Amino acid sequence: MSAKSGQTIFDLGRPGRYALSLPELDVSARPIETLIPKRLLRQEAPRLPEVSQVELVRHYTRLATKNYGVDSGIYPLGSCTMKYNPRINEQLARLPGFAGAHPLQGEALSQGSLELLYRLGRWLSVIAGLDETTLQPAAGAHSELTGMMLIRRYFEAQGQQEQRRLILLPDSAHGTNPSSAHLAGFEVQEVSSDERGMVDPVALARQVDERVAGIMLTVPNTLGIFESDILEVSEIIHRAGGFVYCDGANLNSIVGRARPGDFGADIVHFNLHKTFGTPHGSGGPGAGGIAVEKRLVPYLPVPLVVRREDGQYALDYQRPQSIGRLQAFYGNFAVLVRAYAYIRMLGDAGLREVSGGAVLGANYLKERLKKIYRLPYDRLCKHEFVLSGAGLAPEVHTLDIAKRLIDYGIHPPTIYFPLIVHEALMIEPTETSSLEELDEFVEAMSQIAKEAQESPELLQEAPHHTPVRRLDDVRAARHPVTVWPAG
Amino acid sequence: MSAKSGQTIFDLGRPGRYALSLPELDVSARPIETLIPKRLLRQEAPRLPEVSQVELVRHYTRLATKNYGVDSGIYPLGSCTMKYNPRINEQLARLPGFAGAHPLQGEALSQGSLELLYRLGRWLSVIAGLDETTLQPAAGAHSELTGMMLIRRYFEAQGQQEQRRLILLPDSAHGTNPSSAHLAGFEVQEVSSDERGMVDPVALARQVDERVAGIMLTVPNTLGIFESDILEVSEIIHRAGGFVYCDGANLNSIVGRARPGDFGADIVHFNLHKTFGTPHGSGGPGAGGIAVEKRLVPYLPVPLVVRREDGQYALDYQRPQSIGRLQAFYGNFAVLVRAYAYIRMLGDAGLREVSGGAVLGANYLKERLKKIYRLPYDRLCKHEFVLSGAGLAPEVHTLDIAKRLIDYGIHPPTIYFPLIVHEALMIEPTETSSLEELDEFVEAMSQIAKEAQESPELLQEAPHHTPVRRLDDVRAARHPVTVWPAG
Amino acid sequence: MSEFIPHTPQDQRQMLQTIGLSSIEELFSDIPQQILQRYRPLGLEPESELEVARHLRALAKKNANPDENICFIGGGIYDHYLPSVIDYFLQRGEFLTAYTPYQPEISQGTLTVLFEYQTMVAELTGMDVANASLYDGSTALAEAMLLARRVSGRSKFLMAQSLNPNYQAVLRTYAWAADLELITVPLDRNGQLDRSFLRQRLNSNDDIGGLLMQTPNFWGLIEDLSGLKELLGPALLCVSVNPIAAGLLEPPGACGADIVTGEGQVLGNAPNFGGPLLGLFACHKSYLRQLPGHVVGRTVDLDERTGYVMTLQAREQHIRRERATSNICTNQTLLALASTIYLASLGRQGLRRVAELCAQKAHYLAERIAALPGYALRWSGAPFFNEFAITTPVAPQTLLDHLRRRGILGGLSLEPYGDGQTLLIAVTERRSRAELDAYLQALKELKA
Amino acid sequence: MSEFIPHTPQDQRQMLQTIGLSSIEELFSDIPQQILQRYRPLGLEPESELEVARHLRALAKKNANPDENICFIGGGIYDHYLPSVIDYFLQRGEFLTAYTPYQPEISQGTLTVLFEYQTMVAELTGMDVANASLYDGSTALAEAMLLARRVSGRSKFLMAQSLNPNYQAVLRTYAWAADLELITVPLDRNGQLDRSFLRQRLNSNDDIGGLLMQTPNFWGLIEDLSGLKELLGPALLCVSVNPIAAGLLEPPGACGADIVTGEGQVLGNAPNFGGPLLGLFACHKSYLRQLPGHVVGRTVDLDERTGYVMTLQAREQHIRRERATSNICTNQTLLALASTIYLASLGRQGLRRVAELCAQKAHYLAERIAALPGYALRWSGAPFFNEFAITTPVAPQTLLDHLRRRGILGGLSLEPYGDGQTLLIAVTERRSRAELDAYLQALKELKA
Ligand SMILES: Cc1ncc(COP(=O)(O)O)c(C=O)c1O
Ligand SMILES: Cc1ncc(COP(=O)(O)O)c(C=O)c1O
């Protein structure tokens with residue numbers, strides 16, 4: 001049956017239907033009011049859908065087919081590292097011993113989980129070139145917050161909490177960076193990128209003083225450029241007594257070859273859902289984690305997974321200087337299982353191939369596409385690069401290019417980010433795109449450039465073959481309807 | 001990426017790619033020629049695809065979206081009972097103890113499998129109203145063959161093998177019936193349906209003599225009609241010394257209410273993939289099985305699953321009169337697990353609702369559609385009924401109606417079967433179609449009837465929105481290309 | 001070349017040629033040599049799928065086998081039945097491998113699901129609006145505190161002592177970072193929020209931004225919310241709930257709550273050793289533009305067809321940057337999908353029935369344990385839902401070890417939480433009568 | 001009302017009204033009362049998903065746990081590794097819940113897969129064409145016999161004694177039903193087909209329709225096919241193969257075979273206690289119109305786009321009825337899908353490597369067992385692939401029991417097959433060195 005556009009599960013079903021039967025009560029039933037006072041009880045059952053199992057399955061099957069995932073095709077969404085997610089990981093994360101493990105079942109009954117967390121933490125410390133890792137943060141932004149808190153707690157311990165109020169941030173930074181710094185109580189100061197798209201050490205040195213608690217740098221940065229003065233930059237910050245925080249969302253491009261700790265980072269966060277091939281789940285769960293250098297270790301969140309002398313793994317809560325907890329338990333464990341398996345499958349050689357392949361694909365695309373689109377920063381790039389969609393034709397915007405790509409069966413790149421590029425198109429093919437797919441992408445982009453001149457309305461009205469066409473964002477925000485039925 | 005139409009996995013990839021890594025050899029490697037003489041070895045590796053895992057996953061994901069299953073929508077394919085398949089069964093069939101069980105691991109290590117087979121066999125015997133069941137046949141047709149063999153072996157044991165050569169079959173019978181009878185060495189004689197769409201006992205009595213080994217009857221028959229003279233029919237056959245074989249493909253409509261053994265059947269076969277909600281898998285595997293009355297028990301295939309005095313389950317091979325084996329092991333076990341779970345979930349009450357719902361839906365559709373389409377046999381139907389697509393408009397055929405339904409997002413009914421209805425449209429909604437879906441189906445069928453008159457080309461050129469349009473069958477058969485690349 | 005990277009040596013050559021380089025290494029020439037030279041590998045050989053599967057299987061076995069250990073542990077994570085349809089959809093590549101739905105035309109699947117999810121969360125909590133998920137129940141409550149600070153402008157918060165201690169720890173961390181002060185509201189003698197303390201504290205002062213509490217609380221006791229909002233006045237009532245209990249209990253929204261949060265793991269998500277979890281967040285519609293995280297809204301396309309988009313993005317970090325309502329970016333969408341399918345599966349009557357099964361079975365067990373010599377309900381003056389604290393005649397750990405030998409994970413010892421000789425026991429609809437009786441039998445067999 | 005049947009009481013009333021009846025029972029008034037009255041129920045209460053899952057889990061546990069029992073059993077079913085991608089696609093509703101692809105416009109998924117499958121089967125067997133699957137390896141060989149009868153018009157068949165005994169049993173059943181005579185070709189002293197018997201039998205008579213044989217044969221021994229077709233003349237050479245061995249061995253097609261069949265379970269399908277299985281069937285193109293079962297062919301649509309259809313249907317039962325080439329209707333498509341994905345995953349080099357791993361590991365184990373005192377290879381004069389027979393110093397069952405206590409399913413005792421003191425051992429690529437050594441160690445520890 002072809003569903004009506006916008007149909008929800010609430011639009012289906014009839015009173016009395018249900019999709020899951022439940023066991024009969026097998027202990028003596030007591031009137032519920034004798035267990036819980038009547039005034040605390042709900043007057044009427046919550047208005048949930050009433051559908052049979054077949055209606056439910058058909059509804060969500062239909063919805064699934066309206067989505068585009070990495071499994072559907074190339075997904076060159078810059079900064080997001082939409083690489084292929086190995087299928088085996090879905091089986092492994094569902095092993096009953098893992099999926100069924102209760103976080104409070106005790107260390108003795110959790111040795112498998114703890115060993116996995118411990119080993120993964122060790123590997124990530126090595127990959128970061130740093131000393132200790134916590135896997136508690138649930139995502140990248142949560143990791144940033146954790147990292148900022150560590151810095152703050154450090155300066156508190158030094159009695160410098162009043163002085164060290166400033167976190168520096170390049171203007172190309174991801175939005176979570178300033179937001180996380182702010183949440184941890186810091187003031188944020190922007191550092192302008194120079195004409196190379198990088199932090200200029202000379203300018204930076206002028207900006208830095210004893211109020212600086214640290215700098216947050218994305219390496220390579222969101223233009224896909226490796227900060228070639230990174231050693232000087234780190235040096236400047238360190239000399240001023242600040243910390244270098246590395247946003248590791250882009251680690252995919254250097255993993256297996258270079259370590260943030262080796263270029264001065266004191267904290268690195270991981271987006272395991274980016275670099276280590278765990279699926280994005282339509283927006284999460286991902287998994288975070290940060291590696292830190294030894295001065296910051298005492299402040300890491302509790303509990304920390306440790307290996308005891310006797311070889312047993314344990315949760316260490318005896319950390320009096322810790323910033324405390326960042327979430328209820330130990331992190332997004334099931335996602336960490338996938339990352340662990342991923343690293344094991346690849347090994348050192350594979351990790352090196354990851355960055356090699358990611359950077360190779362990006363530079364290949366860049367070289368071919370810069371003949372057609374404007375490339376504001378024309379340098380060797382790492383895993384991604386940023387074109388400008390401006391100037392193709394009057395009245396044609398980056399948004400139009402993106403939407404037109406959908407008609408070619410391709411997921412659009414990230415658009416309008418980073419903010420320092422006008423009409424940005426941020427393209428990250430990842431190492432899992434084949435040469436054929438890269439060529440198809442170039443082909444589509446060239447066609448679109450032609451269309452922009454010959455028949456711009458093709459772009460402006462795109463996409464044409466999707467379940468819905470362009471949606472009215474303004475209306476959604478002006479008259480928000482966020483629950484069913486309409487208010 | 002939008003794939004080219006007809007693209008196969010062979011059209012993808014590049015030499016050297018692969019989608020699955022393998023372990024290194026962990027025992028000392030020996031030159032393969034020292035293990036197996038060179039002349040027995042393949043000269044070059046078989047020409048299999050060379051694709052990375054991501055290419056593979058994208059290819060089969062794309063192909064999946066080109067298919068329509070029960071999960072996609074209503075599937076009123078007459079005779080096939082395309083009901084909803086409970087999802088839980090997929091998990092249960094994959095329990096490691098079942099999926100990983102080797103058929104030769106021995107009875108002691110297979111008690112779970114054997115118990116399941118034993119219990120399911122017992123239930124099916126009860127459902128059939130007969131004495132003993134074998135679950136060895138792989139599908140309906142295989143069951144028919146088994147049943148025919150039992151009859152033949154029975155008459156051999158009676159010394160009547162030369163005499164009992166004839167199997168009677170109504171002209172509405174499914175093609176597998178005559179084919180199976182023939183394979184078992186019988187001659188097939190057709191019995192004409194009368195104007196009610198049933199076997200006429202008077203005419204039958206005239207046709208029957210001592211050459212008759214049996215009759216194969218589908219009950220309800222392929223018109224969806226319950227043979228109301230079934231007791232007389234059985235009586236006639238029995239009196240003549242023959243067996244009544246009931247093709248149970250349509251049991252869905254009487255399960256929980258009537259038992260073939262109670263109307264004279266000596267053998268009943270089950271299509272577990274129809275009546276008991278196991279998925280059809282794009283054409284299989286299904287699972288068969290036959291229940292028989294006691295005279296035929298000695299001839300059942302080996303091994304038979306039995307329960308020993310001590311409560312242990314066993315495989316009984318000591319069956320000297322058995323027809324032998326019908327396949328290498330014990331039947332389509334993993335499908336049988338699903339059928340077993342299905343019966344347990346429904347229980348007696350649920351099975352009764354199955355037939356109630358199936359017959360209710362079919363009669364509802366029949367009543368509504370007979371106002372628009374010709375209904376050659378207008379009686380109370382069971383789970384299905386047969387319309388004629390003829391006479392809507394000149395040059396419009398049942399095929400066109402079927403193809404046009406696809407444009408409405410609906411899977412077409414079975415067409416051109418049974419053969420006794422001109423331009424047949426055989427419609428079986430099953431009990432899992434909701435009233436809303438039935439109404440949508442009626443709506444689509446009415447629209448199509450209108451279109452047939454107003455714009456017949458809409459039907460004749462349908463479907464319009466599928467990945468491919470109507471395909472050239474004649475060309476496929478005249479110049480067969482059945483392997484890649486084209487011959 | 002691994003199975004995940006489709007570049008053959010020939011492909012590499014061709015690409016390098018186009019770029020004008022001759023080796024992969026040259027692609028990294030922009031990284032200072034010093035840095036590259038310092039690189040140290042992990043010392044890991046690549047492993048095939050078969051080997052990794054074997055290894056992880058062995059690792060998983062070092063945990064308790066959930067098939068052989070009947071779980072009575074709660075404390076925020078509960079062992080509910082997971083309907084089979086859910087996992088099928090979680091595995092569908094179209095949901096599993098998509099990104100946050102920033103391109104709505106090819107994301108209507110996710111967006112529709114999130115719209116359904118928001119509706120269900122609002123319905124269960126009795127609130128007007130909900131967001132599209134947060135990390136977990138504890139951070140959701142922390143975000144509630146931050147929202148309450150934004151709208152109240154006040155920086156002192158009351159925090160119930162009956163709140164899950166792990167949540168308290170998270171609140172302390174977030175409060176410290178946001179320069180907020182937390183004041184603990186002690187328990188009354190029934191194990192519930194001490195209203196007289198509350199009344200006093202609120203009278204003496206008008207600097208309180210909100211009350212942060214939980215029901216059923218950490219001990220499983222149902223808090224009576226009536227009159228709380230009246231006491232609080234302009235301060236925000238922020239309540240963390242168990243959404244399964246919502247099948248039975250009056251929702252906080254009906255009792256005046258301003259913000260309701262909760263842990264959605266119970267709605268069709270596996271325990272997973274504590275993560276990923278699902279932070280529920282719902283509130284009064286006046287705070288819609290203050291919501292943390294993504295929100296999906298309904299709109300129309302160019303042809304006036306209904307569709308869904310992420311909306312009110314001006315609140316979010318990628319637009320508002322340091323002034324965003326939250327720093328959250330990646331959230332827990334796939335768990336929201338699971339929960340939506342879970343609630344749709346159970347339906348209107350089913351959720352109530354699950355809640356009833358939990359409550360009935362928990363009371364069956366509680367009463368019978370309490371009747372055993374030496375055992376007693378830790379708090380007998382307040383109603384509970386599906387979790388209860390029992391004081392025990394022996395050290396809880398001794399008892400747990402004893403149960404464990406009988407294949408029972410008997411609960412949570414409250415000793416580390418400062419409540420000696422006490423065991424916290426949770427019962428879900430998955431527990432059969434036979435399992436409950438096995439628990440009782442095991443207790444009877446324990447020599448004191 | 002169950003969760004699978006969406007008719008509410010109100011829906012039922014509405015439908016009945018349209019039909020003009022007042023109860024569901026009246027819908028069954030066409031069934032004679034006597035019949036309805038005789039009805040007896042099963043005595044089964046409905047069970048919820050949770051309960052059924054609990055029950056089946058308990059039942060499955062009564063089997064050997066494959067995680068704790070390392071499998072060395074073969075005999076037609078082998079414990080190969082199942083790549084993870086396969087099961088994902090088997091579970092996709094679009095494949096799992098579709099019918100046979102009679103409506104090609106909405107079945108291009110299945111049809112394309114089957115076209116790929118046929119290509120791969122033809123390639124592995126070295127034949128021109130293949131069908132879209134049969135029930136299993138044994139019935140596939142039976143169908144080969146029937147095809148050979150049709151094209152040769154002869155009714156006597158030679159059947160190798162080295163053929164899997166279960167397959168022999170199936171052939172006997174089918175031959176009996178089709179009035180064919182089977183003549184057993186004995187083993188020579190190497191455990192292979194006795195060529196002198198063959199030569200004699202073929203010379204003395206020209207009534208033989210074909211030879212039915214297997215390689216590797218039941219004992220794992222590779223049969224030398226060279227010269228066989230020359231001996232057979234017009235009689236058809238029908239060979240059943242293990243498609244994994246095809247990664248290493250010259251395909252029968254290259255040795256003159258007319259029909260090649262085989263068991264496809266090894267190609268990515270679980271053992272499943274022996275079913276469902278996958279019958280491979282390939283032959284010379286001159287028999288294309290004699291093929292049993294479905295065949296998919298390539299064609300074009302109205303716009304000349306490539307597409308696939310089921311073709312040559314005039315052979316099949318639904319058209320040709322009793323004169324059909326076979327009675328098969330439902331076949332094993334989903335297993336064909338699994339096998340296609342399996343072979344595509346391994347790819348050109350991978351299949352060879354799997355075959356090599358099997359062969360190397362089997363030889364490692366065989367040689368070391370044979371070197372133990374009292375043990376010997378049952379047949380040492382012929383090469384084997386991944387399965388071998390060993391004569392043992394103690395009764396095989398004693399040995400198997402001993403191994404089983406060490407978590408090893410040690411193989412198949414050939415005692416029931418008339419070969420006393422002999423054990424048939426199979427080794428796949430899944431077996432690690434450690435597992436092979438554990439086997440050896442266990443044998444060493446067995447006191448004779
Ligand atoms: C550069 C950068 N930093 C941080 C983040 C935030 O990570 P997460 O979405 O996991 O919170 C992202 C994700 O989009 C990113 O691209
Ligand atoms: C009436 C009838 N009999 C027999 C069969 C054959 O069953 P199977 O396809 O399982 O071999 C069918 C299936 O289409 C059928 O509809």
Side-chain angles (χ1 to χ4, degrees), chain B residues 1-2 9 12-26 48-67 69-72 84-100 112 277 279 337-338 341-342 344-345 432 434, chain C residues 1-15 44-58 60-61 65-68 81-98 105-106 108-109 268 270 337-338 341-342 344-347 350 430:
Chain B
M1 301 274 153
S2 54
I9 191 84
L12 299 168
R14 298 262 165 112
R17 289 192 195 147
Y18 59 95
L20 181 79
S21 61
L22 290 164
E24 296 297 320
L25 183 62
D26 56 358
L48 292 172
E50 295 182 89
V51 296
S52 64
Q53 200 170 106
V54 54
E55 293 174 279
L56 182 137
V57 166
R58 287 178 183 166
H59 176 65
Y60 291 106
T61 298
R62 264 191 303 256
L63 289 185
T65 60
K66 294 187 182 178
N67 257 19
V70 171
D71 283 6
S72 314
Y84 172 70
N85 310 118
R87 257 292 145 189
I88 179 73
N89 290 349
E90 297 311 304
Q91 285 181 11
L92 301 177
R94 284 167 176 80
L95 286 169
F98 289 145
V337 173
R338 294 171 172 91
Y342 181 81
R344 270 193 98 100
M345 281 191 284
T432 66
S434 67
Chain C
M1 217 188 83
S2 96
E3 65 266 53
F4 308 125
I5 305 174
H7 306 157
T8 65
Q10 196 188 322
D11 294 340
Q12 288 186 350
R13 272 194 302 278
Q14 186 183 333
M15 287 194 265
L44 278 182
E45 287 298 322
E47 280 182 344
S48 65
E49 197 183 288
L50 185 165
E51 290 160 298
V52 171
R54 185 190 288 147
H55 168 74
L56 270 107
R57 226 170 278 275
K61 269 202 191 163
N65 179 346
D67 276 354
E68 287 159 16
Y81 180 71
L82 307 177
S84 57
V85 289
I86 296 175
D87 195 49
Y88 170 62
F89 288 107
L90 299 187
Q91 294 221 30
R92 290 274 307 204
E94 298 97 327
F95 286 127
L96 181 72
T97 70
E105 299 87 353
I106 45 175
Q108 285 300 303
L337 168 63
I341 298 179
Y342 180 80
S345 295
L346 287 176
R430 278 191 80 175

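Residue numbers begin at 1 in each chain, while the letters A, B, ... track the order of the sequences. Side chains are part of it too, since the values below use all heavy atoms of this structure and drop only hydrogens, waters and symmetry mates. This structure is a prediction, so every number in the text was calculated from the model and none was measured.
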Can you list everything that forms a salt bridge (charged side-chain N to carboxylate O under 4.0 Å, His left out) with B/Glu55? Sequence neighbours excluded, please.
B/Arg17
For C/Pro6 and B/Ser52 the tightest heavy-atom approach is CB-OG, 3.3 Å
Shortest non-hydrogen contact between C/Glu3 and B/Leu20, atoms and distance:
CB-N, 3.8 Å
Those residues that, when tested against B/Ala341, pass side chain to side chain contact (heavy atoms under 4.5 Å, CB included) (two or more places apart)
B/Asn89, B/Leu92, D/Val52, D/Leu56
Contact origin within C/Gln10 toward chain B - heavy atom pairs under 4.5 Å
neither
Less than 4.5 Å to any heavy atom of chain B: does that hold for the side chain of C/Glu51, its backbone, both, or neither?
side chain
Counting only non-hydrogen atoms closer than 4.5 Å, does [X] touch chain C with its backbone (N, CA, C, O), its side chain (CB onward), both, or neither?
X       : result
B/Gln91 : side chain
B/Pro15 : backbone
B/Asp71 : side chain

Within this structure, what is the OG1-CZ distance for the pair C/Thr97 and B/Arg58, rounded to the nearest 0.5 Å?
8.5 Å
